[in-house]
Amino acid sequence: MHAEGLGEEVIKDCEQIVHSEFSQYYTQMKQRCEEYLSFFGSLPQQLEVTFSQDLLLGVSVLNEQDTTHSIRPECSCSGHGKCCESSNTESSDDAGIQELDESSDEDDYNFCDTRQSFSDSAASPDLRIKHSNSSNDVQQYDHNFVESRSGKRENECLLLPLKRRTKLPEPVEKEKGVSLWSMIKDNVGKDLTRVCLPVYFNEPISSLQKCFEDLEYSHLLDRAYDYGLKGNSVMRTLCVAAFAVSGYASSDGRPCKPFNPLLGETYEADFPENGIRFFSEKVSHHPMVMACHCEGRGWKFWGESNVKSKFWGQTIQLDPVGVLTLEFDDGEIFKWSKVTTTINNLIIGRLYCHHHGTMKISGNRQHSCKLTFKQQSFLERNPRQVQGVVEDIGGAKVATLRGKWDESLYCNVTNDGVNSSAESTLLWKKHEPPTNSTRYNLSSFAITLNELTPNLKEKLPPTDSRLRPDQRHLENGEYDKANSEKLRLETRQRMARKMQDNGWKPRWFDRDTEDGPFRYTGGYWEAREQRKWDGCRDIFGELPGKKTSPVPASVGI
Ligand SMILES: CC(C)CCC[C@@H](C)[C@H]1CC[C@H]2[C@@H]3CC=C4C[C@@H](O)CC[C@]4(C)[C@H]3CC[C@]12C
């Protein structure tokens, strides 16, 4: 402009005009950008509303998920130790959690709720026994789709990938090596199952969530249902047996203790991609009992988890008490109890679990199954073996089953006591381990169980394990915070016995008779629809008028 001979004044004016034009333009762009961002931000919720409506209008879910996980054999919680009590959970959350969760996994949204997708189960799962080798975690749920309820699957399904997280959050703090021995040496001679351990010996999973791990291979029950409908009662029984064994697979290589839930703590798992909805509550503290109830396509499964433990120094023996029940919609019922678990090398060596004993799966119709989990011995070259026979009502052997609880199971159906086929059929195979495995050695399925998205957080009752602060801090690798919260909650928990003695009653389960089993009384999912959590106390918050230990200001839901 100088060259053109324009005066300084004019040039300045021009500059000003250009500058102001640009800044207007910039403001507009910024505004647009914000609009877009907020639009994309709200997309998951919008999608959820749409999909929930679809579900209510009769869209159900296909669950043939055959991802493969498995657990690395070498586990690595530095300590070997000793388990206190034999199960438990706790979970946490507090105001800090939202933040933590949001920052944890960018891409972990659950897009759909099962709501009422449990009534009719028109969809018949693929009856072929799939031998899936597909490896692990990366997009583990990509082949799960929400399916048209009319039962037309391939062509007419509404493809809705369900994305759950594939790894735990990166730990905020560096892990500390704490030897279990240093923790228990001062307690020699005491009942070690009652020694309170710091959070380093815990895994970020509560015992309630651990109960749900038994449902990882629930597709076996869908298959069992379909076989039964087609009149194949032997295959139904074999699939039920495979399911009962598959629950043990995730215990391999898991060196840490689940959190012991607080009295009244609950855990829900809405897994439309697997066609199941699970709910559990800690119903008693002394003895420690958790009750659970799960609904799938064509079946219901319920039971109690309660173990009697015996401490032997280097080992702990856990004898499960209580019966598990599986009821198919056509009236066939199977009942069984779990076998003994021994936790070895508590003090020296690599800690590992072994499951042994006999499991009788009794059916109320034609067939029952007897499974033997082999006792381990020093000479055993092939440990972890399971063998079984299916018998008809007259006691005749109609099928056999063999395999390993940490790998796979095969069956042979026999006719008149003679093998009908030389080849065995694969019934179940453990999933591949996740690529992002941590010192807890969680399976890909277990990694998803404590995930808390902002969207889910809004829906949960204040008692859900995902809201337990110490468990959440542990998951985030904030060990000091986790420890102080654990102490606070343990202090609070000491009142549980008193509460129980004073007539405390579980919110969602009840007994028919005074010492009968706990049964789900219903209404949880309905209450969730309306976010009507009457009678659900803030069990993870501060006790009124009690300041127990240093607690971050944000605690309390
Ligand atoms: C001191 C610490 C580090 C020891 C860790 C102990 C771990 C391995 C223990 C503590 C509680 C245990 C669980 C308690 C109850 C059951 C139910 C049972 O039917 C199957 C085994 C299972 C699921 C146990 C597996 C092993 C277990 C998780």
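Small disclaimer: the values here were computed from a predicted structure and weren't measured. Counting convention: from 1, in listed order, for ligands and their atoms alike.
Contact atoms of ligand 1 toward Lys210: 23 (C), 28 (C) (distance under 4.0 Å to a heavy atom of the residue). Within ligand 1, counting atoms from 1 as listed, the ones closer than 4.0 Å to a heavy atom of Arg254 are 8 (C). Those atoms of ligand 1 with a heavy atom of Leu197 less than 4.0 angstrom away are 1 (C). Close approach to Cys353 involves these atoms of ligand 1, each under 4.0 Å from a residue heavy atom: 26 (C). Atoms of ligand 1 lying under 4.0 Å from any heavy atom of Ile343, numbered from 1 in the order shown and given with element: 9 (C). Using a 4.0 Å cut-off to heavy atoms of Lys338, the atoms of ligand 1 that qualify are 19 (O). Each of the atoms 3 (C), 5 (C) of ligand 1 lies under 4.0 Å from some heavy atom of Pro255. Remark: ligand 1 atoms within the under-4.0 Å shell around heavy atoms of Pro320 are 19 (O).
Under a 3.5 Å cut-off, the side chain of Asn483 and the backbone N or O of Val199 do form a donor-acceptor pair. Judged purely by atom type and a 3.5 angstrom limit, Glu216 has no side-chain atom pairing as donor or acceptor with the backbone of Phe445. A donor-acceptor pair under 3.5 Å is formed between the side chain of Asp464 and the backbone N or O of Arg466.
Each of Asp406, Thr341, Thr342, Thr340 was compared with His355 under the side chain to side chain donor-acceptor pair (under 3.5 Å) criterion, and only Thr341 meets it.
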field: side-chain hydrogen bond (donor to acceptor under 3.5 Å, both in side chains) evaluation trace for Arg507 with Thr266
entry: CA-CA 9 Å; Arg507 172 70 184 80; Thr266 60; over 6 Å; no
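Ligand 1 has no atom lying under 4.0 Å from any heavy atom of Ser251.
Using a 4.0 Å cut-off between charged side-chain N and carboxylate O, Asp319 and Lys310 make a salt bridge.
Between Trp508 and Tyr524, the ring-plane angle classifies as perpendicular under the 30° and 60° cut-offs.
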